[in-house]
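Computed from a prediction, not measured in an experiment: that's the story for all the values here.
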Amino acid sequence: MSNEQKMLPKLEAMESLLAQGDVLLQLDPRVEGVRVPTAFANQPLLVLRIGLEMPIPIPDLVVDENGVAATLSFDRTPHEVVVPWHAVFGMVTEQGQGLLWTADVPLEI
């Protein structure tokens, strides 16, 4: 079994890390199905801070089998964000604990 096959599924990993605090979600915003502000849509890496008890609360946060969806603040302006799991390649907590799905990392990174 390869290391990739031994990795936690992304949903389980996100739920586990969120229980510990904020998560820095690393994703490729160019992947089909991702919705982020246009200014970030064409870069190979976008990092979103997702948490259950953030200074600016995320009341509509959904973490499910499809991915992550929420209204997030960019420069104090709310934007609807949708991130399917196939766009996510890393998750890191503020304490430095995290996971990397190497097969999903963009070639530019």
Side-chain angles (χ1 to χ4, degrees):
M1 184 179 285
S2 73
N3 286 342
E4 203 67 34
Q5 291 171 320
K6 293 179 186 177
M7 292 290 291
L8 268 179
K10 292 175 184 176
L11 172 57
E12 284 182 44
M14 184 68 171
E15 290 173 335
S16 175
L17 294 176
L18 271 175
Q20 300 173 44
D22 293 354
V23 175
L24 301 174
L25 193 65
Q26 301 168 342
L27 64 122
D28 182 346
R30 304 168 299 176
V31 170
E32 186 175 339
V34 173
R35 287 196 310 224
V36 296
T38 313
F40 304 106
N42 293 315
Q43 57 193 42
L45 167 65
L46 179 61
V47 179
L48 301 175
R49 181 179 298 275
I50 306 290
L52 301 176
E53 296 187 27
M54 296 184 56
I56 299 174
I58 309 173
D60 62 344
L61 176 62
V62 175
V63 177
D64 63 16
E65 66 278 354
N66 298 313
V68 178
T71 302
L72 301 180
S73 179
F74 295 82
D75 291 326
R76 300 194 186 275
T77 303
H79 290 275
E80 181 184 6
V81 171
V82 175
V83 180
W85 291 123
H86 61 272
V88 174
F89 58 85
M91 299 176 197
V92 181
T93 66
E94 291 181 322
Q95 296 77 27
Q97 181 182 16
L99 297 162
L100 180 69
W101 288 266
T102 56
D104 297 330
V105 175
L107 294 176
E108 301 90 331
I109 301 177

Look at the side-chain heavy atoms of Ile, Leu, Val, Met, Phe, Trp and Tyr, link any pair under 4.5 Å apart, and say whether Val31 and Val82 land in one connected group. no
Taking all heavy atoms of Gly33 and all of Pro84, pick out the closest pair and write down the distance. O-CD, 3.7 Å
Val34 side chain reached by Val81 side chain, heavy atoms, under 4.5 Å: no
Applying salt bridge (charged side-chain N to carboxylate O under 4.0 Å, His left out), which residue pairs with at least one partner in residues 28-44 are found, sequence neighbours left out? Asp28-Arg30, Arg30-Glu108, Arg35-Glu80
Please give me the minimum heavy-atom distance between Phe89 and Pro106, naming the atom from each residue. CE2-CD, 3.4 Å
With distance as the sole test, does Asp75 use its side chain to make a donor-acceptor pair with the main-chain N or O of Thr77 at under 3.5 Å? no
Do Met14 and Val88 have side chains that approach each other closer than 4.5 Å (heavy atoms only, starting at C-beta)? no
Report yes if some heavy atom in the side chain of Ile56 is under 4.5 Å from a heavy atom in the side chain of Leu72; otherwise report no. no
What distance do Gln97 atom CD and Gln20 atom CD have between them, rounded to the nearest 0.5 Å? 4.5 Å
Exercise: identify the closest heavy-atom pair between Pro44 and Ile109: O-CD1, 3.7 Å
Under 3.5 Å, is there a donor-acceptor pair between the side chain of Asp60 and the main chain of Thr71? yes
Locate the shortest heavy-atom distance separating Asp22 from Gly51; write the atom from each residue and the value. OD1-CA, 3.4 Å
Does a side-chain heavy-atom distance below 4.5 Å link His79 with Val36? no
Can you confirm whether more than 12 heavy atoms, excluding those of Glu53, are under 6.0 Å from its CD atom? no
Quick check: is Val62 connected to Val68 through a chain of hydrophobic side chains (ILVMFWY, heavy atoms under 4.5 Å apart)? no
Determine which pairs satisfy ring-ring contact (aromatic ring centres under 6.0 Å, His included) with at least one residue from residues 32-61, sequence neighbours left out, and list them in order. Phe40-Phe74
Indicate yes or no for a side-chain donor-acceptor contact from Trp85 to the backbone of Asp64 under 3.5 Å, with no hydrogens or angles considered. yes
Smallest separation among heavy atoms of Val92 and Gln26, with atom names: CG2-NE2, 3.8 Å
Gap between atom CG of Leu52 and atom CG of Leu61 - 0.5 Å precision: 6.5 Å
What distance do Met91 atom CE and Thr93 atom OG1 have between them, rounded to the nearest 0.5 Å? 12.0 Å
